[in-house]
Amino acid sequence: MPERGRTTRGERFEREEAGPEGHIANTTLAGVSEAAPKASDTGALRRTGLLVTLILGGLTATPPLAMDMYLPSLPEVTQSLHAPAATVQLTLTACLAGMALGQLVVGPMSDRWGRKRPLVAGLVVYIVATALCALAPNVELLVAFRLAQGLAGAAGIVIARAVVRDLYDGVAMARFFSTLMLISGVAPIIAPLIGGQILRFTDWRGVFVVLTAVGIALTALVWFRLPETLAPAERHSGGVGEALRAMRGLLADRIFAGYMLAGGFAFAALFAYISASPFVVQEIYGASPQTFSLLFGLNSVGLVIVGQINGKVLVGRVSLDKALAVGLALIALAATALLLMSTGAFGEVGLAPVAAALFVLMSSMGLAMPNTQALALMRVRHAAGSASALLGTSSFLIGAIASPLVGIAGERTAVPMAVVQLAAVLVAIACFVGLCRPWQTGRTSDGKAADS
């Protein structure tokens, strides 16, 4: 049965029978000014579907682009603005915290006023904030502008998912979400590569100029080509208060909270890598920005490959709890190896073994992060939207706390990075074991509470 207070897809759309590719609903949307393609015009339908895919993919890719294109230039920023590494790393923390908090605000706004208006407003603020980052005269203002950039960039994260829910159903929706997840996985691969190449021709400010241009192009596409997908009859005025009440109930669920915290602290280990690796690879081991970008891209490829193996091979054959346990164990082993190498337990080591340990750590995130989210959402029947926002916000906030910790001992040692990573994954394991208790009876093989 449909959820109470929501119409079914058949009530929202008069759609043609979906083909094997899961097309977008192709008849008129209530409350949408742009005419949707007619059923007889399958070519226009496919073109519209491709365009919407590109737009939503761009919205999904914008946050990792804003984060990761900037990474190869972090050492240069410390010199240009005469700021310590720990302070410059706060520019990452501010952007991440902004993306976390913005999701709690923009999601309810889009439910109340529709998708397009909050999205366009968020993109405009994102463009202004990104342009100001390029002009920042000191690190304090750069941190402030990055916070604004993250707050505005959250609009793309939240509303892209909401638009998919509006337009797709069933298998088509699952396939589209898989496409967006693939895009969000590929974006971190190419972002540092692009950033490294930009630094061959300009300085770190040029990275923000390019990001500004990307934001302008994406805003134009949204304004002219993306229709409003939430009919006025389906909007509600519950807003933030209603979302917060749902979140309180979710946090009272011990098992949901366990998976949420396990995923959040696993993300903290990932973000410790993101924040510290530019200094570790370039300043300690003497690699060029281009070499760092290649290594970062290789690690992201590992994450994507393991994530695809998890989704296409392991799911349905191995319980999600077991796959999650293996992922957390591999992260812990990699973090332990990094700590031993950085403290000199193995003598003086080169870049290759450190890069190998970082590759294992990053790739193992493909087991840990999606499974914590899936297992947490299995606990939810009628508050999946609030649960998704809570999972995303908690991960961003915990990751933001980890960022400045990796620079407390300066930029000439990798010990803080390894300590933060190991501590974070040990807390994640403790939350998984102590709160989720996957060995208990009365749970299904996928970790979901069995129906009584």
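All of these numbers come straight from a predicted model, not from anything done at the bench.
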Could you give me the CA-CA distance, side-chain angles and deciding distance for M362 and V301, then say whether side-chain contact (heavy atoms from CB on, under 4.5 Å) is met? CA-CA 9 Å; M362 275 286 284; V301 169; over 6 Å; no

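- In this structure, a donor-acceptor pair under 3.5 Å is absent between the side chains of D253 and Y259.
- In this structure, the side chains of L218 and Y126 stay at 4.5 Å or more apart for every pair of heavy atoms.
- Atoms CG and CE, from L328 and M369 in turn, are 11.5 Å apart once rounded to the nearest 0.5 Å.
- With L59 as the fixed residue, the side-chain contact (heavy atoms from CB on, under 4.5 Å) test singles out one of L221, L119, L54, I159: L119.
- Within the model, atoms CG of L339 and CE of M341 stand 9.5 Å from one another, a figure rounded to the nearest 0.5 Å.
- For L151, the side-chain contact (heavy atoms from CB on, under 4.5 Å) criterion is met by L101, L147, not counting sequence neighbours.
- Side-chain contact check for R254 versus R437: some heavy-atom pair is nearer than 4.5 Å.
- Using a 4.5 Å cut-off on side-chain heavy atoms (C-beta onward), L96 and L92 make no contact.
- Residues P72 and G196 come closest through the heavy atom pair CG-N, 4.0 Å.
- Heavy atoms only, all atoms of each residue included: L330 and S364 are closest at CB-OG, 3.1 Å.
- When atom types are taken as modelled, the side chain of T91 and the backbone of V88 share a donor-acceptor pair closer than 3.5 angstrom.
- Put simply, the side chain of T93 reaches to within 4.5 Å of the side chain of L90, judged on heavy atoms.
- Every residue was checked against the side-chain hydrogen bond (donor to acceptor under 3.5 Å, both in side chains) condition with S342, not counting sequence neighbours, and none meets it.
- Nearest heavy atom pair, residue A418 against residue L338, reads CB-C, 3.8 Å.
- Using a distance-only test at 3.5 Å, with no hydrogens or angles considered, no donor-acceptor pair links the side chain of R317 to the main chain of L314.
- The shortest distance between side-chain heavy atoms of V163 and K116 does not fall below 4.5 Å.
- Looking at Q421 and L270, their side chains never come closer than 4.5 Å, going by heavy atoms from C-beta outward.
- Panel note: side chain R146, backbone C95; no donor-acceptor pair is recorded below 3.5 Å.
- G258 and C431 make their closest contact through O-CB, 3.9 Å (heavy atoms, listed as atom of the first residue, atom of the second, distance).
- Listed here is the closest heavy atom pair of Q89 and A276: NE2-CA, 4.1 Å.
- Although no hydrogens or angles enter the test, the distance criterion places a donor-acceptor pair under 3.5 Å between the side chain of E228 and the main chain of R115.
- Residues satisfying the side-chain contact (heavy atoms from CB on, under 4.5 Å) test with L351, not counting sequence neighbours, are V281, Y285, A287, L295.
- A pairwise comparison of heavy atoms in M365 and A269 identifies CE-CB, 3.9 Å as the closest pair.
- Atom CZ of residue F292 and atom OG of residue S277 lie 4.0 Å apart, to the nearest 0.5 angstrom.
- To the nearest 0.5 Å, the span separating CG on L361 from CE on M417 amounts to 8.0 Å.
- A donor-acceptor distance shorter than 3.5 angstrom exists from the side chain of N371 to the backbone of L367, with no hydrogens or angles considered.
- Rounding to the nearest 0.5 angstrom, the gap separating the OG1 atom in T130 from the CZ atom in F208 is 7.5 Å.
- Residues passing the side-chain hydrogen bond (donor to acceptor under 3.5 Å, both in side chains) test with T343, sequence neighbours excluded: none.
- Aromatic pair F265/F432: ring centres not closer than 6.0 Å.
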Checking side-chain contact (heavy atoms from CB on, under 4.5 Å) for the pair I255/L435: CA distance, chi angles, key distance, verdict? CA-CA 6 Å; I255 298 177; L435 295 177; over 6 Å; no

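- Between T393 and Q103, the side chains place no donor N or O within less than 3.5 Å of an acceptor N or O (distance only, hydrogens not considered).
- Qualifying side-chain contact (heavy atoms from CB on, under 4.5 Å) partners for S73, counting only residues two or more places apart in sequence or in other chains: Y70, V77, L199, W204.
- You'll find the side chain of Q282 stays beyond 4.5 Å of the side chain of S288, heavy atoms only.
- Listed by chain and number, the residues in a side-chain contact (heavy atoms from CB on, under 4.5 Å) with L251 are M260, L390 (sequence neighbours excluded).
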Decide yes or no on side-chain contact (heavy atoms from CB on, under 4.5 Å) for L303 and N299, but give the supporting numbers first. CA-CA 6 Å; L303 188 152; N299 292 338; over 6 Å; no

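- Residues L294 and L298 have side chains not in contact (no heavy-atom distance under 4.5 Å, counting atoms from C-beta outward).
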